[in-house]
Amino acid sequence: MALLQYSLRKLFYGIPLILGVTFISFLLMVYYGPDRTFELLGKNPSAEQIEQVRHQLGYDRPFLLRYAGYLKELATLNFGFSDSTGERVGSILKRTVPITLALVLPGFVLGNLAGIVLALIAAWHRGRWLDKLIMGGSVIGMSISFLIVIIAFQVIFSTPYGFNWFPVRGWEVHDLASYSRYVTVPTLATVFVTLGYNTRFYRAVLVEEMSRDHVRTARAYGTPPAVLLYRNVLKNSMIPIITRVMFSIPLVVISGSLLIESYFGIPGVGKVTFDAITTGDQPILKAIVGLTAVLFVVILLLTDILYRAVHPRIDLK
Amino acid sequence: MSGGRTIIVIGIIGLALGLQTGCTDRQPDDTAPVKIYRHALDGAPTNLDPVQSANIYASFLVTNLYDTLYRYKYLARPYELTPNLATGMPEVSADGLTYTIAIKPGVYFIDDPAFENGRGRELVAADFVYSIKRHFDPQTLAQGAWLWQNRIQGLDQWRADGADYAAEVSGLRALDKYTIQIRLTRPYPQLPHTLTQGFAAVVPKEAVDHYGREFAIRPVGSGPYRLLSFSGVKAVLERNDRFRREPFDPAAEGYREDQHGFTGVRQLAGSVPPLSDRIDVHFIQEEAARWNAFISGEVDHIRAPTTQLGAVLESRSPIRARPEIAEKYHLLTPLETGFVHTDFNMDDPRIGYHQDPAQNTRNKALRCAIVKAFDWTARNRALYFDLAQVFPGVIPPVTPEFDADLDRSSVSRDVEGAKALLQQHGWTPDNLPELEYGFAASVAERQSFEQFRAFMGDIGYPPEKIKALAYASFGDFNRALKQRKVMLITTAWYMDFPDAENTMQLFYGPNEAPGSNSANFRNEEFDRLYEQSSVMQASPERTAIYQRMNQVLIDECVSITGLSRTFVLLWTKNATMYPDLSFLSGHFARFVDIATDRHEAE
């Protein structure tokens with residue numbers, strides 16, 4: 001009951017956040033975003049035709065009315081039709097979000113798990129050659145542009161210049177085998193790039209935890225390294241780890257990975273978002289921004305609940 | 001420690017195992033001996049409604065999914081019109097005002113739930129009338145009305161009266177089931193050309209009504225293909241089995257052994273298009289990904305990215321592929337049907353028209369000095385791999401009216417002449433105006449700007465007085481053009497049809513912004529000649545008028561022009577085809593044949 005009350009209260013407190021995010025982003029969209037009018041006009045438009053198109057797009061309506069309409073769309077989850085394709089925004093998201101999830105989840109999970117493992121190793125061997133090797137590798141991973149990594153991995157794994165094992169691009173997924181075929185190179189590229197950031201972050205957290213008294217005491221009592229790292233270090237470091245992982249989720253779910261989706265020809269929500277930004281497709285942008293804000297509020301709530309799960313002394317108040 | 005490694009290794013092994021299975025896995029339709037032609041485009045369409053097929057990407061799909069009355073012959077160069085849905089070329093009245101066009105009977109739309117019982121009905125003349133009317137309906141956000149605006153009797157009035165589809169338009173009628181009559185307000189010799197475009201594709205009213213806004217992604221046409229799936233990265237088209245049977249006749253399509261012999265298309269004589277069972281159209285904007293997809297065999301045809309031309313070509317003059325490329329691929333290097341140019345905004349008193357006649361003369365001298373300072377040879381070398389063709393004026397080499405003997409001084413760099421001109425008219429580094437060079441933001445455009453600034457530096461133009469006006473998107477740039485806010489306008493014009501009228505109209509006074517005359521050029525002689533020529537059929541007299549208009553533009557220094565790019569087209573030897581990227585069209589795709597043993601070879 002306390003949990004339910006806490007959840008409802010937290011969701012209620014999230015409303016100003018959603019209003020703030022949607023208001024600012026809508027303001028930017030309307031006044032600074034691309035104007036689709038001139039994309040949609042023919043070659044010799046008259047002033048009257050320009051006005052007609054602006055009217056069709058709703059650009060001539062007062063800002064507050066348009067914003068109120070946006071809130072109504074968000075409340076009813078009915079964002080209308082894309083300005084570009086004419087397809088229902090709901091259908092677009094329904095089709096593309098699962099693809100992005102399937103695409104980025106393996107890299108997200110592997111990148112975080114491997115990051116934690118490497119961070120544990122580095123933290124345990126702090127200051128020694130293994131630590132330096134892992135940290136050096138991390139810096140290299142962080143230093144190389146994602147774009148370069150993608151192109152290099154495509155060349156290495158997917159062209160006759162390299163192994164030519166995987167398809168360069170596409171997403172013809174109909175079973176686990178085809179899924180593996182299309183997701184492997186994007187996953188390897190994602191892991192390569194995120195591993196450095198994750199490892200460095202987690203190492204810093206773990207090193208701090210390892211310097212605490214209870215760890216020193218456990219070590220003095222001869223606790224085996226694996227047990228010590230898992231029970232005394234990792235478990236007690238879960239708060240920052242959870243925070244990092246949870247707050248990455250909205251970006252993973254909604255924004256996807258634009259570069260990955262573009263270069264590998266994967267029809268996910270990241271590419272849809274990017275196209276909507278560049279073309280000024282406001283119905284799609286409104287949906288993405290609004291849903292991301294809502295998701296953040298939900299994530300905030302879930303994070304608090306998870307904090308309590310891993311750290312029972314934290315009170316849900 | 002070992003736990004971490006284990007997780008990574010397990011993950012990679014798991015994926016690799018999946019890969020092994022994936023390599024031997026075939027999609028159900030891949031097992032059959034189907035012919036799949038895989039075409040790559042460097043951009044993606046967002047909308048497949050013919051009334052919004054304004055770019056090459058949408059047009060490629062629309063002209064394969066729908067029928068147009070006419071198309072260009074597959075192989076003939078210079079381009080020649082040929083009937084498509086029409087039974088023959090139009091009958092034109094003696095005054096050039098009435099066009100009567102018969103269409104083929106027995107042409108059917110694809111089966112679709114939009115029709116009664118889901119069975120596609122016969123396409124009739126009234127469908128064409130309906131399809132053109134849609135361009136004049138304000139509700140459709142149509143982009144092709146400019147082709148017929150103020151040209152067809154009663155059509156503009158129909159729009160003004162509220163676009164009631166039940167109301168007849170006197171100049172656009174279906175005389176019977178298979179006969180269309182178009183009556184013009186004045187002669188319009190380019191009319192048949194406009195009827196080749198995706199804009200003129202014929203749609204059924206039932207489908208438009210049935211799908212509403214989603215008609216844009218649910219095409220229901222009578223073209224050689226039907227849409228199987230469509231996303232931002234790929235479209236899959238499958239053969240329309242109800243498409244009319246018209247065997248391929250190489251001679252009728254303009255076959256010439258010396259031009260087309262290497263392609264093998266003659267062997268396809270008698271085959272019935274569409275020759276491929278399926279077309280997979282990959283939209284790959286990223287050059288590296290497009291190239292990788294091509295060399296790994298995932299697409300059959302691409303326009304080679306400029307960044308890869310060094311790896312493709314052994315020689316630029318004559319253009320010759322490297323042996324390893326020539327062994328695997330066919331190469332074709334046509335000139336684009338368009339050109340790149342930088343116009344001056346004549347409405348800007350700093351560089352264009354000025355109330356004071358003396359300043360007006362000085363401004364013209366400044367424009368001419370800039371034109372003289374521009375180095376087309378360096379531009380071609382730096383940005384177009386030295387493959388483009390530079391020409392004076394705005395009549396590109398692909399048009400029949402092109403004059404190869406025209407004086408080239410307007411495209412020959414003359415730094416001393418430019419300096420002298422500035423000095424003669426009292427221009428000094430102190431009083432030269434600030435130049436604003438506008439473009440839609442991209443790396444290539446930024447490079448163009450920097451190079452332009454360097455060119456101007458050579459004639460003493462202070463670099464700090466040359467500013468970049470980069471717009472985030474083409475839409476933003478276009479808005480600024482329509483609002484006359486850009487001083488120097490760099491654009492590429494893709495011609496709509498092979499007739500210099502299509503480039504001349506870019507400088508016709510009444511077409512000034514928001515029209516297509518972004519330079520806002522107004523010249524009495526030019527406008528008079530344009531009006532005179534616009535109603536003339538192709539003839540030596542009309543060509544002479546076009547060339548005089550071209551000279552007016554050169555003399556007035558209204559534009560730094562021009563350059564036609566060379567497209568380097570590559571296609572696999574499994575494909576028997578003659579690709580064509582011209583005039584917003586994809587009609588050639590129906591003639592593409594793919595060796596069926598390809599998949600077995602894989």
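Each chain gets a letter, A, B and so on, in the order the sequences are listed, and its residues count up from 1.
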Output the option from [options] having the highest count of non-hydrogen pairs under 4.5 Å with chain A.
options                                : result
B:Ala472, B:Gly144, B:Pro138           : B:Pro138
B:Asp49, B:Leu48, B:Ile284             : B:Ile284
B:Ala216, B:Ala289, B:Gly232, B:Ala44  : B:Ala289
B:Leu147, B:Asp496, B:Leu481, B:Asn511 : B:Asn511
B:Pro45, B:Ala145, B:Ala293            : B:Ala293
B:Gln139, B:Arg290, B:His282           : B:Gln139

Considering only heavy atoms and a distance below 4.5 Å, find which of [options] pairs most often with chain B.
options                              : result
A:Gln52, A:Arg36, A:His55, A:Glu48   : A:Gln52
A:Thr278, A:Val53, A:Leu41, A:Ile151 : A:Leu41
A:Gln154, A:Arg95, A:Glu87, A:Gln56  : A:Gln56
A:Gly42, A:Gly265, A:Ala226, A:Pro45 : A:Pro45

If you measure from [atom1] on [X] to [atom2] on [Y], what distance do you get to the nearest 0.5 Å?
X        : Y        : atom1 : atom2 : answer
A:Arg126 : A:Met135 : CZ    : CE    : 11.5 Å
B:Tyr329 : B:Asp300 : OH    : CG    : 10.0 Å
A:Ile121 : A:Trp124 : CD1   : CH2   : 12.5 Å
B:Asn292 : B:Glu298 : CG    : CD    : 9.0 Å

Side chain, backbone, both or neither of [X] within contact of chain A (heavy atoms, under 4.5 Å):
X        : answer
B:Ser229 : neither
B:Ala142 : backbone
B:Gln285 : side chain
B:Ala54  : neither
B:Gln149 : side chain
B:Arg218 : neither

request  = Decide if atom NZ of B:Lys485 counts as having more than 12 heavy atoms of other residues, nucleotides or ligands within a radius under 6.0 Å.
outcome  =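 Atom NZ in B:Lys485 is not packed in, count stays at 12 or less.
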(Q) Quick check on B:Arg484: does its CZ atom have over 12 non-hydrogen neighbours (other residues, nucleotides or ligands) under 6.0 Å away? (A)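 Yes, CZ of B:Arg484 has more than 12 neighbouring heavy atoms, counting only those of other groups under 6.0 Å.
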[X] vs [Y] aromatic rings, parallel, tilted or perpendicular, using cut-offs 30° and 60°?
X        : Y        : value
B:Phe230 : B:Phe283 : perpendicular
B:Phe477 : B:Tyr471 : tilted
B:Trp148 : B:His135 : perpendicular

Is [X] close to chain B through its backbone or its side chain, or both, or neither, when contacts mean heavy atoms under 4.5 Å?
X        : result
A:Asn164 : side chain
A:Ser46  : backbone
A:Ile116 : neither
A:Ser82  : backbone

Please identify which of these residues, B:Asn47, B:Thr46, B:Asp42, meets the side-chain hydrogen bond (donor to acceptor under 3.5 Å, both in side chains) condition with B:Tyr57.
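So, applying the side-chain hydrogen bond (donor to acceptor under 3.5 Å, both in side chains) to B:Tyr57 and each of B:Asn47, B:Thr46, B:Asp42, only B:Asp42 qualifies.
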Worksheet entry | Side chain A:Ser262, main chain A:Leu259, donor-acceptor under 3.5 Å |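 No, A:Ser262 side chain to A:Leu259 backbone: no donor-acceptor pair under 3.5 Å.
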Report the residue from A:Phe166, A:Phe192, A:Phe163, A:Phe264 that forms a ring-ring contact (aromatic ring centres under 6.0 Å, His included) with A:Phe153.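 Passing option: A:Phe192.
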